[in-house]
Amino acid sequence: MAELPCKYQILREVGRGSYGVVYEAAVTATGLRVAVKRTRCSEPETVEMALQEFWALRSVQSQHRNVLRMSECLLQTGPGLSSVQAVSHRRQQTPRHLLLVESCLKGRRPCAGDDAVSLWFVTEFCDGGNLNDFLLAHSPDPRLHRHVMQQLASAISFLHRNQIVHRDLKPENVLVSQGEAGPELKVADFGLSKVCQGNVNVNQHRFSSACGSDFYMAPEVFEGRYTAKADIFSLGILFWAMIEMITFRDADSKKELLGIYICQGKNLISVGEAMLDNPNLELHIPIKNKKSMPNEVCVLILDMLALNAKERLDAFELEKRIEQLCYGEKRQRSGA
Ligand SMILES: Nc1ncnc2c1ncn2[C@@H]1O[C@H](COP(=O)(O)OP(=O)(O)OP(=O)(O)O)[C@@H](O)[C@H]1O
């Protein structure tokens, strides 16, 4: 089991991603549960992802209940605990931290021959695991779906307002905390995110590096010319897959994952790629069961999946549309 300064006590491993291991831990003084994610910074690419995650989480500290809260980030530069130091939440950076930035800019390993260089992210602990596993373990429930849609739209609108584009939205990158008022979602995994500097409009600011998870990527991301609207496309796929419970088996992990795809012979291709191949492609929503989705929700998802990003909803419009949808339903239920 990994070692951390005595401020935290590691309790158990809860998950593994491509670049790190996540532990449940307790703050020794208070017993408060936290999650600790260790990302090894052995290669420039992993350093870059860890730093992107740090910058994004630092810039939104504790400001939105549906965005994962980071309480601390620790940098370990050697095998012993004496080499662990907190990375400042403020803009000024320590020489060790700058070494990481430099290694990532110059494409060099942070410390030749040293595998112990790691960033430890201390965040709130989410006892419901990730949204993919959570949804697959529960039977479809329209009320839960509305909560998910409301919370995610609110989180993405907040991130875009703060000039952060996530670029890898999918159910595995959303965590769940079981609150008294129902599940509370936390957008997490900011390793591919971009924090835009200056006063830019994220819906106009262009990105060029194609990244994300295939089945969730917008058509324009495959072409390497896209804006924050790519996040809305990913959310549209997430909502659609969640409501219809459409899954596939991941070739590497063999895990069952939520996602939408188009069958081409024996191959499954993503909706984004299929739209690029055939700009007249008509999306049939819902695919499985006509009764599984009210018409307003189908229209909403279609507006999130528009091929032309300029015609696609932005995060602020999306948040408003979902509020209206939920308000309309409440009024219907109360007979007003
Ligand atoms: N704050 C947290 N609280 C509780 N569980 C967590 C927390 N963070 C991560 N996990 C669990 O650990 C798993 C691995 O998380 P991690 O962020 O390292 O990778 P991932 O998103 O699954 O994979 P990848 O980084 O390869 O995309 C998650 O799927 C989740 O089940």
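The chain is numbered in sequence order, starting from 1. In listed order, ligands and their atoms are each counted from 1.
For the residue pair S154 and Q151, no side-chain donor N or O sits within less than 3.5 Å of a side-chain acceptor on the partner.
Considering T247, L136, D133 as possible partners of K255, the one that fulfils the side chain to side chain contact (heavy atoms under 4.5 Å, CB included) test is D133.
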Contacts table for ligand 1: protein N or O within a distance under 3.5 Å of ligand N or O, distances only.
unit_1: ligand 1; atom_1: 1 (N); unit_2: T123; atom_2: OG1; d: 3.4
unit_1: ligand 1; atom_1: 1 (N); unit_2: E124; atom_2: O; d: 3.0
unit_1: ligand 1; atom_1: 3 (N); unit_2: C126; atom_2: N; d: 3.0
unit_1: ligand 1; atom_1: 17 (O); unit_2: K37; atom_2: NZ; d: 2.9
unit_1: ligand 1; atom_1: 17 (O); unit_2: D189; atom_2: OD2; d: 3.2
unit_1: ligand 1; atom_1: 21 (O); unit_2: N173; atom_2: OD1; d: 3.1
unit_1: ligand 1; atom_1: 21 (O); unit_2: D189; atom_2: OD2; d: 2.2
unit_1: ligand 1; atom_1: 26 (O); unit_2: S18; atom_2: N; d: 2.7
unit_1: ligand 1; atom_1: 26 (O); unit_2: S18; atom_2: OG; d: 2.4
unit_1: ligand 1; atom_1: 29 (O); unit_2: N130; atom_2: ND2; d: 3.0

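Taking the six-membered ring where the residue is Trp, the centroids of H205 and F207 are separated by under 6.0 Å.
From Q76, atom CD reaches atom CG of L119 across 10.0 Å, with rounding to the nearest 0.5 Å.
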Report task. Take D250 and S253, measure what side chain to side chain donor-acceptor pair (under 3.5 Å) needs, and give me the verdict at the end. Result -> CA-CA 6 Å; D250 182 62; S253 66; 2.9 Å; yes

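The neighbour count for R225 CZ, taken as heavy atoms of other residues, nucleotides or ligands under 6.0 Å away, does not exceed 12.
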